[in-house]
Number of protein chains: 2
Amino acid sequence: MSKRVGSVSLAEMTATVGRADKFEERRRELADAALQTLSELGYARTSLREIAQHTSFSHGVLHYYFRDKVELITYCVRRYKSVCVQRYDEVVAAARTGEELSAGFAEAMAGTLVADARMHRLWYDLRSQSLFEPAFRDDVREIDAILEDMITRVVGRYAELVDGVPALPFTAAYACFDGLFQQALLRHLSGVEPAPARLHDDVERLLALVTN
Amino acid sequence: MSKRVGSVSLAEMTATVGRADKFEERRRELADAALQTLSELGYARTSLREIAQHTSFSHGVLHYYFRDKVELITYCVRRYKSVCVQRYDEVVAAARTGEELSAGFAEAMAGTLVADARMHRLWYDLRSQSLFEPAFRDDVREIDAILEDMITRVVGRYAELVDGVPALPFTAAYACFDGLFQQALLRHLSGVEPAPARLHDDVERLLALVTN
DNA sequence: GACAATTCTTGACACTCGTCCAGAACTCCT
DNA sequence: AGGAGTTCTGGACGAGTGTCAAGAATTGTC
């Protein structure tokens, strides 16, 4: 029983690539189960046994693939980022006019608000955890940076299309859109129904505002 | 041993007012200790025993004054709100010009960002918890409403002073300022030093933007 | 098919948690 | 001073936690 060192064993280095990736593949599988559990229960109420119950494995495996709980959750946070910034860039690329971009962007936000509500609440939960747990900070900041870049592209492109100039630093613009989204999520999960529509409106208004 | 029913016993009803309030007074005392603990450790890591250690009492007493943990924390959240909206109204009342109001408001925000950082991170933590725990939702929404009102007064008064008209619904304006503040808190607790100064700038810019 | 390396299961460990309760300590009134 | 009502203590309970390790099951290789 030779324990793995790092994430690569001697056997893997000489074996085929597909074989070598099996370890990483299972890590992803387990992390996805963890993400599902986390998004249902939140960080404070999620246990390793609960995560394992969302898989076909027993709770012991988690410690075979992850050193401890923090590494697992950190891995999850990193993985999360790859899911979250996809829809928007298509919108940016497709838009030919400012109005198109504005409408498409607002619709994308309102759409993900209801479609991925549980994932988003997990994000806000983990970001809050990072205020207390330094171990999460770097990953959280990295994701925040990715989201900020996304907003930067949207706002920048919109400014181009309408011949305006950004009226706020991009980081501040991101903070505003994020605040809008978070309030909308709060309302949506509380059952206040016009949440998506209101978000749609507010996003369009704010986008027009931050470029003049 | 006659257990208290609700929060008023027979003895209290006939006793003096000071005597009657002793129960409530101790509740506040315990809740303050709980708030301190929560703001240090965060919701996920705060236990009743830990809270009791911040007081001169033993852990059993918490169940004498609060039915269970949820009631204690709910009480804490309610109590928190009374602390958080005081500085700003003075600023609004004192300002004679738009510039004065803008500068005062921005300074107040930057000030509380560093002075009450731990309390603010608790607020964001609890608000995130409410995304998972319906028991917290009403209180969280109430506090959010109070904060929104505060922003409304600031933005409204500023619009008056500069003869502008609000360019965003007040609820959206609140969401934006809140987003700004949350990002600043994240940076501040991560040790990025210009956090307060940047918040100050961004707040002034945003305030000018949402009234035109 | 046998051997070795891996992946996975199972049960145990040492804690910590919220909750409860018997009774000690205290307070207040007559 | 004594007794009733109150506040508080400290220990116990059962459930749940992260972690670990011994060994069973599986897989890949010759």
Side-chain angles (χ1 to χ4, degrees), chain A residues 1-30 33-34 37-38 41-53 55-74 76 133 135, chain B residues 1-30 33-34 37-38 41-53 55-74 76 133 135:
Chain A
M1 187 189 304
S2 72
K3 201 66 194 294
R4 276 180 189 262
V5 184
S7 62
V8 179
S9 76
L10 204 82
E12 276 171 30
M13 296 188 61
T14 57
T16 72
V17 192
R19 172 84 181 66
D21 284 324
K22 257 200 129 186
F23 189 78
E24 200 54 32
E25 195 178 318
R26 173 102 338 144
R27 269 167 79 95
R28 275 200 299 271
E29 185 184 348
L30 293 173
T37 312
L38 283 164
L41 303 179
Y43 173 80
R45 282 161 291 276
T46 296
S47 70
L48 295 180
R49 283 170 175 82
E50 187 72 35
I51 292 173
Q53 274 187 333
T55 75
S56 54
F57 305 105
S58 73
H59 67 271
V61 208
L62 290 169
H63 276 88
Y64 183 75
Y65 288 97
F66 299 94
R67 189 165 9 92
D68 56 17
K69 198 187 181 183
V70 169
E71 189 191 297
L72 166 58
I73 295 199
T74 300
C76 286
E133 181 73 67
Chain B
M1 189 192 301
S2 74
K3 201 64 195 297
R4 278 182 188 260
V5 183
S7 63
V8 180
S9 76
L10 204 81
E12 275 170 31
M13 296 188 60
T14 58
T16 72
V17 192
R19 173 83 181 66
D21 282 323
K22 255 198 131 184
F23 190 79
E24 200 55 32
E25 195 179 317
R26 173 100 341 138
R27 269 169 80 97
R28 274 201 299 271
E29 185 184 349
L30 293 173
T37 312
L38 283 164
L41 304 179
Y43 174 81
R45 282 162 291 278
T46 296
S47 70
L48 296 182
R49 283 172 175 81
E50 187 71 35
I51 292 173
Q53 273 187 335
T55 75
S56 53
F57 305 104
S58 78
H59 67 271
V61 98
L62 290 169
H63 278 87
Y64 182 75
Y65 289 97
F66 299 94
R67 191 170 0 98
D68 56 18
K69 197 186 182 184
V70 170
E71 190 191 297
L72 166 59
I73 295 198
T74 299
C76 287
E133 181 71 67

* d(CD1, B:Ile51; C1', C:dG18) in whole Å -> 11 Å
* Asked: Listed by chain and number, what are the side-chain hydrogen bond (donor to acceptor under 3.5 Å, both in side chains) partners of B:Gln53, not counting sequence neighbours?
  -> none
* **Rounded interatomic separation in angstrom, taking CZ from B:Phe23 and P from D:dT6** => 11 Å
* To do: For B:Gln53 and C:dC17, give me the distance from atom CD to atom C1', rounded to whole Å.
  => 14 Å
* Asked: Can you name the residues that form a ring pair (Phe, Tyr, Trp, His ring centres under 6.0 Å) with A:Phe66, not counting sequence neighbours?
  -> A:Tyr75
* Structure fact -> Hits for side-chain contact (heavy atoms from CB on, under 4.5 Å) against B:Ser47, two or more places apart or cross-chain, chain-then-number order -> B:Arg49, B:Glu50
* To do: Please report, rounded to the nearest Å, how far the P atom of C:dC17 is from the CG atom of B:Leu72.
  => 14 Å
* **Euclidean distance, atom NZ of residue A:Lys22 to atom P of C:dA5 [Å, nearest integer]** => 18 Å
* Can you list the residues that meet the side-chain hydrogen bond (donor to acceptor under 3.5 Å, both in side chains) rule with A:Arg28, with sequence neighbours excluded? -> none
* Structure fact -> Separation of C:dA25 atom C1' from B:Tyr64 atom OH, nearest Å, is 13 Å
* Asked: Touch check for B:Thr55, heavy atoms < 4.0 angstrom, all strands: base, sugar-phosphate only, or nothing?
  -> nothing
* To do: Decide whether a cation-pi geometry holds between A:Lys22 and A:Tyr65; the criteria are a distance under 6.0 Å from NZ or CZ to the six-membered ring centre and an angle within 45° of the ring axis.
  => no
* Nearest heavy-atom neighbours spanning B:Val70 and B:Ala135 -> CG1-CB, 4.0 Å
Could you list the protein-to-nucleotides 14-17 of chain D atom pairs, N/O on both sides, closer than 3.5 Å?
from: D:dT17; atom 1: OP1; to: A:Ser47; atom 2: OG; distance (Å): 3.1

* Asked: Does A:Thr46 have any side-chain hydrogen bond (donor to acceptor under 3.5 Å, both in side chains) partners at least two apart in sequence or in another chain, and if so, which?
  -> none
* To do: Respond yes when some side-chain nitrogen or oxygen of B:His63 is under 4.0 Å from OP1 or OP2 of C:dC20, and no when none is.
  => no
* Asked: Counting side-chain heavy atoms from C-beta on, which of C:dG11, C:dT6, C:dC20 comes nearest to B:His59?
  -> C:dC20
* Asked: Which whole-number value in Å describes the distance from B:Leu41 CG to C:dC17 P?
  -> 10 Å
* To do: Report the distance from atom CD of A:Glu24 to atom C1' of C:dT7, rounded to the nearest whole Å.
  => 16 Å
